[in-house]
Structure formats: structure tokens, C-alpha cells
Amino acid sequence: MRREEARVAAQPSTAAPALILLGPPGAGKGTQAQLLIERRGMVQLSTGDMLRAAVAAGTPVGQEARAIMERGELVPDSVVSALIDEALGRIPAGQGVIFDGYPRTVAQAEALDGLLARHARRLSRVIELQVDEEALIDRISGRFACARCGAGYHDRHKRPRAPGVCDVCGSTEFRRRPDDTAETVRTRLAEYRAKTAPILPVYEARGLVARVDGMAPIEEVARAIDRLLVDADRPHP
Ligand code: AMP
């Protein structure tokens, strides 16, 4: 264990990757995170998933977040940053992490710098999934997921192979998010433009941002992300 710690400390540039997936709701962040989990053994840190779990469990955080989420607005920065702090504390140091839906404001990006330093991690890449807004409304308004394993589907673009049966786990129960309505999606897009997009120049100034065409087929997007991660893994001179 001690020897492992020394090896990691001696090679900071090859440490487990920490990746931010940025992009408006429906850009495919969750889908790509799922592929990174399967293929690279990374862990997804989705503040949206954490908040939905808190709402379902009726915790104080969930009670505070519920109405805000239903309106498509943003939950306070301190609440989501605390969730990320806790989650980072539970993940083994050698495992790569994907931030999905966090940070969403400049204040959260600043908080994340402190959290990464405290948990001895370094940001490897910020990947912006670029998408067309009209297509987003179409994507979001048709999406649903397996209620048991969370596999994602779409009414028009990705139906289960056998109607009503999850391809992955065989469950016949599916769910739709209550905030995936056209009206809430418009608020969520406006929040993204006003509060999240301003994060990009902050990371751009540090040379961390890469852009990927989020309208490309899922596999193509995944390959582009994979290439970026391989580049980020290369030891820096
Ligand atoms: P998502 O699943 O990422 O689309 O998030 C769903 C909802 O959870 C958002 O519309 C927000 O209300 C809330 N939320 C998720 N992540 C954050 C965050 N980083 N900051 C503030 N609110 C968030």
C-alpha cells in the first residue's frame, strides 16, 4: 500500500483521470459517462442523480431540492459541492472520475478546484459536448430509462430490442424524469446558457477544454472522448 502511494505520488501525470463532461441537458453526458464506466472502470459523479436519490429518500437535501428541480432551476452551489465532496471521499484514489452535471456555475468550478486539491486529484480534461438546441428538445422529450438498471432509451432513437423489455437486465419497468417536459427543458437550457456556459472560458484559459460533436452517433462520440483521454494520460514533458 505504501509502495503504491509512493508510485502514484512520483507520477502525478499518470494519476487516475478526472474528467468533466459539460453540455446542456440532453447532450448525452449520462450516456457517455455510462460507456466510460463500462470501458475504463471510471466512476460517474452525477449531481443530478445524487439529488434525485435525495428527493426519493426524502432527506433534508432532497426536500430543499425537489421544487427547484421541478422548475428546472439550479440547486444552491453549497449543496451540490457538499455532495461531490462526500462522494470523492468514498472513491479509491486509483479510480478515475467523471463529473457529469457538475460544475454548473463558476462558483462550483472554483469549489471543485479546492475539492480536487483536497482529495489529491488533478483535472485531466473538460469535454464540451456540442449540440443543436432543437435536437435537444427532441432528445429530452422522448427519453426514458430502465427502472432497475438505469439503461437509457428513447421513444424514437433507441427503443428496447424487445418492446417493453430492458436490453441490459430484462426488467419490464421503465421511468421518465418529471423534469423532462418541454417547458422545464427550456428553463434548463436557459440556466445552462446563463450560468454554466461561462465556466468554459475559465477552463479554456488553462488549456483543458476539448470540444466534441455531440450530434454524432453515440459510438463516434465515445471514440472521440476516448482519444482525448488517451492524450491526457500521456506523461507531460
Ligand atoms: P441533471 O440530471 O444533471 O440534468 O440535473 C437535474 C436537475 O438537478 C437540474 O435541473 C438542477 O435542478 C439540479 N442539479 C443537478 N446538478 C446540479 C448542479 N451542479 N448545480 C445545481 N443544480 C443541479
Side-chain angles (χ1 to χ4, degrees), residues 18-34 36-37 43-88 97-116 123 126-131 133 135-147 150-154 175-200 202-203 214:
L19 167 73
I20 295 176
L21 286 180
L22 260 185
K29 301 185 297 290
T31 302
Q32 293 301 325
Q34 205 54 47
L36 288 163
I37 294 168
V43 178
Q44 175 191 24
L45 296 180
S46 157
T47 39
D49 285 349
M50 294 175 200
L51 289 167
R52 278 184 287 279
V55 168
T59 65
V61 165
Q63 283 166 19
E64 183 181 355
R66 173 178 233 130
I68 301 174
M69 292 171 76
E70 273 168 15
R71 290 195 300 270
E73 293 166 9
L74 293 186
V75 171
D77 294 328
S78 57
V79 171
V80 286
S81 294
L83 291 173
I84 289 289
D85 189 14
E86 260 176 56
L88 279 174
V97 293
I98 312 149
F99 296 101
D100 162 9
Y102 179 91
R104 245 175 165 105
T105 63
V106 170
Q108 289 178 26
E110 285 164 2
L112 180 60
D113 283 342
L115 293 178
L116 287 170
L123 202 53
V126 177
I127 296 181
E128 185 198 11
L129 293 175
Q130 294 190 302
V131 278
E133 283 206 6
L136 286 183
I137 296 178
D138 170 68
R139 272 190 189 183
I140 294 182
S141 60
R143 71 184 180 180
F144 59 101
C146 171
Y153 296 98
H154 196 281
R175 58 178 154 74
R176 284 174 198 267
R177 283 172 46 169
D179 60 347
D180 276 352
T181 62
E183 196 195 330
T184 310
V185 170
R186 267 190 281 279
T187 307
R188 288 159 66 199
L189 284 172
E191 289 282 68
Y192 182 82
R193 276 193 301 267
K195 297 179 184 157
T196 309
I199 295 176
L200 279 160
V202 175
Y203 289 128

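Excluded from the calculations below are hydrogen atoms, water molecules and symmetry mates; all remaining heavy atoms, backbone and side chain alike, are included. One-based numbering, in listed order, for ligands and for the atoms of each. Here the structure is a predicted model, which is why all the values come from computation and not from measurement. Position 1 is the first residue of the sequence; numbering continues from there.
With hydrogens and angles disregarded, a donor-acceptor distance shorter than 3.5 Å links the side chain of Lys29 to the backbone of Gly23.
Note that the CD atom of Gln44 and the CG atom of Asp49 stand 5.5 Å from one another [nearest 0.5 Å]. Within the model, atoms CG of Leu88 and CG of Leu116 stand 6.5 Å from one another, a figure rounded to the nearest 0.5 Å. Expressed to the nearest 0.5 Å, how far OG1 of Thr187 lies from CD of Glu70 amounts to 12.5 Å.
Taking only nitrogen or oxygen atoms, main chain and side chain alike, Leu74 does not reach within less than 3.5 Å of ligand 1. At a 3.5 angstrom cut-off on N or O pairs, Asp179 does not count as close to ligand 1. For ligand 1, the polar-atom distance check against Gln108 finds a nitrogen or oxygen pair separated by under 3.5 Å.
Residues Val131 and Arg139 are in side-chain contact: their nearest non-hydrogen atoms beyond the backbone lie under 4.5 Å apart. Side-chain contact between Leu51 and Ile68: absent, with no pair of heavy atoms (C-beta onward) separated by less than 4.5 Å.
Which parts of ligand 1 touch Arg188 is read off a 4.0 Å heavy-atom cut-off, strictly below it: atoms 4 (O), 10 (O). Remark: ligand 1 atoms within the under-4.0 Å shell around heavy atoms of Leu51 are 8 (O), 13 (C), 14 (N), 15 (C), 23 (C).
The residue from Gly101, Pro25, Gly48 that puts a heavy atom closest to atom 19 (N) of ligand 1 is Gly101. Considering only non-hydrogen atoms, atom 5 (O) of ligand 1 lies nearest to Arg104 out of Arg104, Glu70, Met50. Distances from atom 2 (O) of ligand 1 to the heavy atoms of Glu191, Arg52, Met69, Lys29 show the closest one on Arg52.
Counting heavy-atom neighbours within 6.0 Å of Arg52 CZ, excluding the residue itself, gives a total above 12.
Under 4.0 angstrom from ligand 1, the non-hydrogen atoms of Val75 come from both its backbone and its side chain.
Under 4.0 Å is where a charged nitrogen must lie from a carboxylate oxygen, and between Asp180 and Arg175 no such pair does.
Of all protein heavy atoms, the one closest to atom 12 (O) of ligand 1 is Glu73 O, 2.5 Å. In terms of protein heavy-atom proximity, atom 16 (N) of ligand 1 is nearest to Thr47 OG1, 2.8 Å.
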